[in-house]
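Data block below; observations after.
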Amino acid sequence: MSQPEKIQPFAVLAEVRSVECPTHGPYESRKSRFAGKEIWTGCPACVAEVGAKQARAQELARRDAARKKVMERAAIPPRFANRTLENFSAECEGQRRALLIATAFAEGFGDALVNGRSMIFCGAPGTGKTHLAVGIAHAVIAKGYTAVFTTAMDAIRSVRETYRKGSDKTEREVITQFALADLTVKSRMIIWPFHKQVWLFCVPVFHRLQGCFTS
């Protein structure tokens, strides 16, 4: 039985011409046809640069979207949205010292997370306690960590709501949601006459999370 005749492949040679790129110098441009039109390839180095630029833009957009999502989850109040360590105004020695400590905590947050270190800011109203705590949150979010902001009373209300008949969350689940973030910022920790309730909330939480607490 005769074997079928093998068809030998053949090569199609594309037309090539030498072109000078004003940025990268000479290169070979190849001709192709698309929709009845002749198309010559451009400078491969320029094409690679455009591709890399687009990839960087896409990555920056992805990171920005991810950061915005983290910020939304952080629930930082609008009036503190732009409070950072960089724009904190230290007008006295105590504030300057607090800023240095807060900055060191933010820069070494990885170690604080491993070792379970937290910070408590105490002082008179209007001295910048929440500004510093939120500034730390902004700094750690920029490093890729997660953070969440709450006031003591909001946290207590969340726990109280679990006592309602038909509540879809347990007390443990509410407490755990605050502990899931890498950093928890709790403002106004001591509020008379609710300080005992605040303390009862903090006892099971303190050992689970890293946080910044303000009085």
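- Hydrophobic clustering of Ile, Leu, Val, Met, Phe, Trp and Tyr side chains at less than 4.5 Å, counting indirect connections, keeps Leu100 apart from Phe105.
- Proximity of a side-chain donor or acceptor of Asn115 to a complementary backbone N or O of Ala112 within less than 3.5 Å is not detected.
- With sequence neighbours left out, the side chain to side chain donor-acceptor pair (under 3.5 Å) criterion links Glu49 to His24.
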Start with the C-alpha gap between Leu183 and Tyr145, add the side-chain angles, then the distance that decides, and say whether side-chain contact (heavy atoms from CB on, under 4.5 Å) holds. CA-CA 8 Å; Leu183 176 75; Tyr145 296 102; over 6 Å; no

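- Rounded to the nearest 0.5 angstrom, Glu15 CD and Ser32 OG are separated by 11.0 Å.
- For Thr103 (side chain) and Leu99 (main-chain N/O), a donor-acceptor pair under 3.5 Å exists by modelled atom type.
- Residue Val16 comes nearest to Arg30 through the heavy atom pair CG2-NH1, 3.2 Å, listed as atom of the first residue, atom of the second, then distance.
- Put simply, the side chain of Thr130 does not reach to within 4.5 Å of the side chain of Phe121, judged on heavy atoms.
- Across all non-hydrogen atoms, the minimal contact from Ala106 to Leu85 is CB-CD1, 4.0 Å.
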Assess the residue pair Arg96 and Glu93 against the criterion (salt bridge (charged side-chain N to carboxylate O under 4.0 Å, His left out)); give the C-alpha distance rounded to whole Å, side-chain angles, the decisive distance to 0.1 Å, and a yes or no. CA-CA 5 Å; Arg96 284 189 286 272; Glu93 182 57 33; 3.6 Å; yes

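- Checked against side-chain contact (heavy atoms from CB on, under 4.5 Å), Val19 has the following partners two or more places apart in sequence or in another chain: Arg17, Tyr27, Ser29.
- The 12-atom threshold is not exceeded at CZ of Arg97, counting heavy atoms of other residues, nucleotides or ligands nearer than 6.0 Å.
- Between the side chain of Gln95 and the backbone N or O of Thr127 there is at least one donor-acceptor pair closer than 3.5 Å.
- Checked by atom type and distance alone, the side chain of Lys31 never pairs as donor or acceptor with a backbone atom of Ile39 at under 3.5 Å.
- Glu59 contributes no side-chain N or O that, together with a main-chain N or O of Ala55, makes up a donor-acceptor pair within less than 3.5 Å.
- Side-chain atoms of Arg83 come within 3.5 Å of backbone N or O of Arg79 as a donor-acceptor pair.
- Between atom NZ of residue Lys129 and atom SG of residue Cys122 there is a gap of 8.5 Å, rounded to the nearest 0.5 Å.
- In this structure the side chain of Thr170 never reaches within 4.5 angstrom of the side chain of Thr162, judged on heavy atoms.
- Closest of all the heavy-atom pairs between Arg117 and Gly108 is NH2-O, 4.1 Å.
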Evaluate side-chain contact (heavy atoms from CB on, under 4.5 Å) for Met119 paired with Ile136, printing each intermediate quantity in order. CA-CA 10 Å; Met119 292 194 70; Ile136 291 174; 4.1 Å; yes

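- Under the 3.5 Å distance criterion, the side-chain polar atoms of Thr146 are matched with a main-chain donor or acceptor of Asp182.
- For residues 76-99, the pairs satisfying ring-ring contact (aromatic ring centres under 6.0 Å, His included) are Phe88-His131, with sequence neighbours left out.
- Under the 4.5 Å side-chain criterion, counting only non-hydrogen atoms from C-beta, Ile141 is not in contact with Lys143.
- Counting heavy atoms from C-beta on, the side chains of Cys21 and Cys46 come closer than 4.5 Å.
- In this structure, the side chains of Ile120 and Ser118 stay at 4.5 Å or more apart for every pair of heavy atoms.
- Trp40 and Val50 fall into different hydrophobic clusters, where Ile, Leu, Val, Met, Phe, Trp and Tyr residues are linked whenever their side-chain heavy atoms come under 4.5 Å apart, directly or through other members.
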